[in-house]
**Student:** 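One structure, pasted below without further comment.
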Amino acid sequence: MAAPGQELGRDSPCPGRCAYFVERKKRFCKMIPAPGRRFCGEHGQQEENYRKRIPCPLDPKHTVYEDQLHKHLKKCNSREKPKPVYFVQDINAGLKDVAEIPEKQVPLSSLSKEELHNLIIKLKKASNGLELRLKEQILSHQALQEALNDPKNGESAFKHLKQQASILGNMEKLHLLGPGRCFVEFGAGRGKLSHWVDAALQNVENVQFLLVERATTRFKVDGKHKRKDSVFERLQVDIQHLCLKKVPILEQKKLPVVGIGKHLCGTATDLALRCLVESYTACCDVENEEPAPKRSRNDKTEVASNNSAENKSNKEDCKPVAGIVVALCCHHKCDWTHYVGREFFKSVGLGPVEFHYFQRMSSWATCGMRETTTKASKSEDQTNDTEEHEQTFSKTENCSDTLQGILTVEERKEIGCLCKLLIDHGRIVFLQQRGYKAALQYYTESTVSLENVLLTAVPNLSLIPDPTT
């Protein structure tokens, strides 16, 4: 039986290759057929007396011999794989009450001028009293100086290096770069941030790295690390289902955790915060709740003399999370269901409906700026490449046309910044209520990244209850 390509008088297939002509690709199939066959297994139906192939029920993009279906299902790459031990369904999910989740809201472009005006009034009222201009903490770190001075790095790479250097500089200022730590990078991607943290800890012992990423990632850099004193492990799981307490390396060594992330997108930030300061901390607190040993009357004097030292030690040990350093982005992808600042929003008279619109309006903080700088950036790389989680909106969401004559570009930018600040302040309140000293700061210039806010948090020992009371 002749292949379709041969019937049309097309070129012949390469020797030893499948004789089937793939019309969509305008070429012959390049698969290698079995000895004595003209067609590969995928196109074997072209043979006379061929074995029937059917679409795989797990993934119809590929086919399988019908008489080998049962065997194939056991090893198909699309089969449901066993869940890892640290997978706990929805352990870091937020809202459990479905009744509170708002129904689908109308887009911003469909709001009347009066409705939009009322939203802006609510936003400004809720933001009253917040520090509108954040402190600048644009730092650097010696570990990246060579890379920063390397002329081979292009502009896009240079921008990422500057951000990573500042993140490391802020970690060093908070005394988070040290021995006996487990660094958990959320939304790790290729693992570049952990790579530089490891470079900054060259002479430090007993350091672990956990790189959390739900997607399969190519060109990972963590596999290149061979240093004996640091261990890299990838956790391919959604942060929503990650139970850090069940990660084997944390179960064994019980190292203090430092949560890090560069451009942790929208909801992922809230899931990571809840993973660290609620689910993981709660598990550790339960484990540490052991009854105090009985003491004789003669021990009372010794107890009194050592009381202050023990209290200080207990305060330092009772926080399994040593710190959090996360570069924020993509507020338009936040979700009321998982948002950690819901209680703060309710305290200022806001709810899920206002949150929905504020998280959409937060995009104006960067979209407005892009409109004014489009001409200047045309000759440059498109912003900061894919790692920046660039925002993609429809024309109506960007509102460049629908709000023409209602709000200027500068007014939209100001409102967008207020929305981001309000959402981030809810996260700060969440951390403060759980015994952390949390802050927001600009960690890089807006010319380097429009998403230039860094959230940091360390245990606030003065807020940790005294164990003796």
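For the single chain, residues carry numbers from 1 onward in sequence order. Only heavy atoms go into these numbers, but all of them, side chains included; no hydrogens, no water, no symmetry mates. Nothing here was measured: the structure is a model prediction, and the numbers come from that model.
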**Student:** Looking at every heavy atom in both Ile406 and Glu411, which two are closest together, and how far apart are they?
**Tutor:** O-OE1, 4.0 Å
**Student:** What's the verdict on side chain to side chain contact (heavy atoms under 4.5 Å, CB included) for Leu176 and Ile260, showing C-alpha distance, side-chain angles and the deciding distance?
**Tutor:** CA-CA 11 Å; Leu176 296 178; Ile260 59 176; over 6 Å; no
**Student:** If you take all heavy atoms of Leu422 and Ser127, which pair is closest and at what distance?
**Tutor:** CD1-OG, 3.9 Å
**Student:** Over 60° means perpendicular and under 30° means parallel, so classify the ring planes of Phe344 and His425, tilted if in between.
**Tutor:** perpendicular
**Student:** With a 4.5 Å heavy-atom cut-off, do Ser140 and Gln145 have their side chains touching?
**Tutor:** yes
**Student:** Taking the side chain as every heavy atom from C-beta outward, state whether Ser347 and Val429 have any atom pair closer than 4.5 Å.
**Tutor:** no
**Student:** Does CG in Asn77 sit with more than 12 non-hydrogen atoms of other residues, nucleotides or ligands closer than 6.0 Å?
**Tutor:** no
**Student:** Going by heavy atoms in the side chains, are Tyr357 and Leu116 under 4.5 Å from each other?
**Tutor:** no
**Student:** Stepwise, does the side-chain hydrogen bond (donor to acceptor under 3.5 Å, both in side chains) test hold for Gln137 with Ser166?
**Tutor:** CA-CA 8 Å; Gln137 288 277 63; Ser166 185; over 6 Å; no
**Student:** Considering non-hydrogen atoms only, spot the tightest contact between Leu255 and Leu250 and give its length.
**Tutor:** O-CD2, 4.1 Å
**Student:** How long is the gap from NZ on Lys413 to OG1 on Thr408, to the nearest 0.5 Å?
**Tutor:** 11.0 Å
**Student:** Should we count NZ of Lys220 as having more than 12 external heavy atoms under 6.0 Å?
**Tutor:** yes
**Student:** Taking C-beta and beyond as the side chain, do Val277 and Phe430 meet within less than 4.5 Å on heavy atoms?
**Tutor:** yes
**Student:** Does Arg214 CZ have over 12 foreign heavy atoms under 6.0 Å away?
**Tutor:** no
**Student:** Looking only at non-hydrogen atoms, find the nearest pair between Glu131 and Leu421 and report the distance.
**Tutor:** O-CD2, 3.7 Å
**Student:** Heavy atoms only: give me the nearest Val88-Cys243 pair and the separation to one decimal.
**Tutor:** CG2-CB, 3.6 Å
**Student:** Can a donor-acceptor pair be found, under 3.5 Å and without considering hydrogens, that links the side chain of Asp270 to the backbone of Cys334?
**Tutor:** no
**Student:** Enter the distance from His62:NE2 to Cys56:SG here, rounded to the nearest 0.5 Å.
**Tutor:** 3.5 Å
**Student:** Compare all side-chain heavy atoms of Ile167 with those of Met171 and state whether any distance is below 4.5 angstrom.
**Tutor:** yes
**Student:** Which pair of non-hydrogen atoms, one from Trp364 and one from Leu108, has the smallest distance, and what is that distance?
**Tutor:** CZ2-CD1, 3.9 Å
**Student:** May I ask you to test the Val258-Val197 pair for a side-chain heavy-atom distance under 4.5 Å?
**Tutor:** no
**Student:** With side chain to side chain contact (heavy atoms under 4.5 Å, CB included) as the criterion, how do His331 and Asp424 come out once you've worked through the C-alpha distance, each side chain's angles and the decisive distance to 0.1 Å?
**Tutor:** CA-CA 9 Å; His331 295 71; Asp424 289 338; 2.9 Å; yes
**Student:** State, with a plain yes or no, whether a side-chain heavy atom of Ser78 is found less than 4.5 Å away from one of Lys61.
**Tutor:** no
**Student:** My understanding is that only one of Gln163, His263, Lys262 makes a side-chain contact (heavy atoms from CB on, under 4.5 Å) with Glu451; could you say which?
**Tutor:** His263
**Student:** Just say parallel, tilted or perpendicular for the rings of Trp336 and Phe345, cut-offs at 30° and 60°.
**Tutor:** perpendicular
**Student:** Go through the structure and list residues passing side-chain hydrogen bond (donor to acceptor under 3.5 Å, both in side chains) with Lys124, not counting sequence neighbours.
**Tutor:** none
**Student:** Going by the side chain to side chain donor-acceptor pair (under 3.5 Å) test, which pairs reach into residues 81-95, not counting sequence neighbours?
**Tutor:** Glu80-Lys83, Asp90-Gln240, Asn92-Ser279
**Student:** Tyr442 versus Val453: any side-chain heavy-atom pair under 4.5 Å?
**Tutor:** yes
